[in-house]
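Lettering follows sequence order; numbering is per chain, from 1. In this text the structure is predicted, and so the values were computed from the model without any measurement.
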There are 2 protein chains.
Amino acid sequence: MLSIINYSATMPNMKRTKEEAQKTKDKILASALDCFSTQGYFNSSLDEIAKKASVTRGAVYWHFKNKTEIFDALHTQLHEPFTQTILEDLAHDEEQPIIQLKHLCIKLLEDLDVNNTKKRIMKLFFECDYSGQLAPFKKQHQDKKLKSLKLFEQYFERAKKRNQLHQHADPQILTLTLHCFLKGILFEYLSGLELIDIKSQGKELIQQFFEGFNTCHNPINL
Amino acid sequence: MLSIINYSATMPNMKRTKEEAQKTKDKILASALDCFSTQGYFNSSLDEIAKKASVTRGAVYWHFKNKTEIFDALHTQLHEPFTQTILEDLAHDEEQPIIQLKHLCIKLLEDLDVNNTKKRIMKLFFECDYSGQLAPFKKQHQDKKLKSLKLFEQYFERAKKRNQLHQHADPQILTLTLHCFLKGILFEYLSGLELIDIKSQGKELIQQFFEGFNTCHNPINL
DNA sequence: TTGACAACATACATGCGTGTATGTATAGTG
DNA sequence: CACTATACATACACGCATGTATGTTGTCAA
């Protein structure tokens, strides 16, 4: 009698244990995120991570070369969703790119506000210091960030093509300005100071930023 | 014959060794800043700090309870100049507080740009994570930050009193917005990514921020 | 069924950082 | 001149985290 599902035919060498090994790896990653985001990277030992994942350090060293590789794996795994969100939004070429961008920013903030996992991830990569053993990953992670920035820049470029910006406006500077602002918000928001409440202030903050401080204002309505 | 300066009269129990002990303490602090800002807090050992200060760990433990106390001492020592600069600026009640504030921001950035020591200090306290042994100092340092924010808020309050802001403008939100932006700039600037060059872009960034993104613009000239 | 390999667990060696206890020299004090 | 306190240096004990080597179990393939 033939087995209902013939693994060796559809996926050669795909043993059932490999699937469970993947589950173990995922559990280790989740556990590491837990430890890192609560105690910090340097205060988390591989033993703590292993125990929280109900395995031993042996399993950890089987799946990862060392602690830094876990750190990098977390970044790799968790950076994509954000890029994906922006890419999907960019697919729509709307009439007023700046307003579209504003809505995207608000959406990103509000998404974050209701997703504790994402918050902990961001908090981790914001607060960790890339010194010591993490130094080699500094450039790599920064490169990914630069690519994200290039995506934001497209909104401003679209706006400029539509003559919706000052003549002398530089998309690169505008992107940088926005990026700094968002980073500042997120940093403050994730600091645990409770200084910023996204739900009640997020929209207002973004709004304020896009309007600027000058008294001559022609508010962009949400 | 009387000694020219009678220490015991002017400062009782002020031995000459105490002065040198203070020098040693300062050297340890400077050395700690060196280590922390280059290798990170958790990657710096007391032995490294001691050796860089040309003393032993014995001296370190004499002047400080432990490593966390050195960390806190650095913050205490180095937070004041910034507060002082703002306070001095606030002493002048100028006609256009927002423009005054803008100039202050630019000044603070440009001061930072030419002062490597200050940069390293800020970098340290931006990138360190207040987890583990540093957790107890999180609130303390945040309280200091909140006080600084209150200072910035005064500019907006002055502006509002002079009817230079929208009716519905909230000084607290405005302060928060500015703070987030500045923090974002500084964070990015100090990250070592070289994404921001204060000398060439600083003024422009601040300018852009104060003007906002809307096309209706009435640029506030520098 | 048996060898081989994957997927771990266990055990061991090592180094490193901390904290503390103790030693020591020097300056002031009565 | 003895005495004490300061300002360190030196020495020791301890735990802890890492990395690696080795052991063990289950699975698949032939």
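E69(A) has its CD atom 14 Å from the C1' atom of dG19(D), to the nearest Å. Taking atom NZ on K27(B) and atom P on dA7(D), their separation rounds to 16 Å, with Å as the unit. Taking atom CD1 on I49(B) and atom P on dG19(C), their separation rounds to 12 Å, with Å as the unit. Between N43(B) atom CG and dT18(C) atom P there is a gap of 11 Å when expressed in whole angstrom units. Rounded to an integer number of Å, the gap from CG of L134(A) to P of dT18(D) is 12 Å. Across the protein-nucleic acid pair, N66(B) atom CG and dG19(C) atom P stand 6 Å apart, rounded to whole Å. At whole-Å resolution of the value, NZ in K65(B) and P in dT18(C) are 15 Å apart. In this structure, the NZ atom of K51(A) is 12 Å from the P atom of dT18(D), given to the nearest Å.
For K67(A) and dT18(D), the shortest distance from a side-chain N or O to OP1 or OP2 is below 4.0 Å. Regarding contacts with the backbone of dG19(C), a side-chain N or O of Y61(B) is found under 4.0 angstrom from either OP1 or OP2.
Between K107(A) and D89(A), no side-chain nitrogen of the basic residue sits less than 4.0 Å from a carboxylate oxygen of the acidic one, so the salt-bridge criterion is not met.
Here dG19(D) is the nucleotide among dG19(D), dG19(C), dT18(C) with the atom lying nearest to any side-chain atom of L46(A).
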Open item on the list: Is there a side-chain contact (heavy atoms from CB on, under 4.5 Å) between C180(B) and K183(B)? Walk through the geometry before answering.
Closed with: CA-CA 5 Å; C180(B) 287; K183(B) 187 134 193 175; 5.7 Å; no
Open item on the list: Using side chain to side chain donor-acceptor pair (under 3.5 Å), reason through S31(B) and D34(B) one step at a time and then give a plain yes or no.
Closed with: CA-CA 5 Å; S31(B) 171; D34(B) 254 42; over 6 Å; no
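Taking the six-membered ring wherever Trp is involved, the centroid distance between the rings of Y130(B) and H141(B) falls below 6.0 Å. For H75(A) and F125(A), the distance between ring centers is under 6.0 angstrom. In this structure, the ring of Y41(B) has its center no less than 6.0 angstrom from the ring center of F42(A).
Residue-environment remark: CD (Q172(B)) stays at or below the threshold of 12 foreign heavy atoms within 6.0 Å.
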Task: Contact state string [nucleotides 8-15 of chain C, B base, S sugar-phosphate only, - no protein heavy atom under 4.0 Å] - done: BBB-----
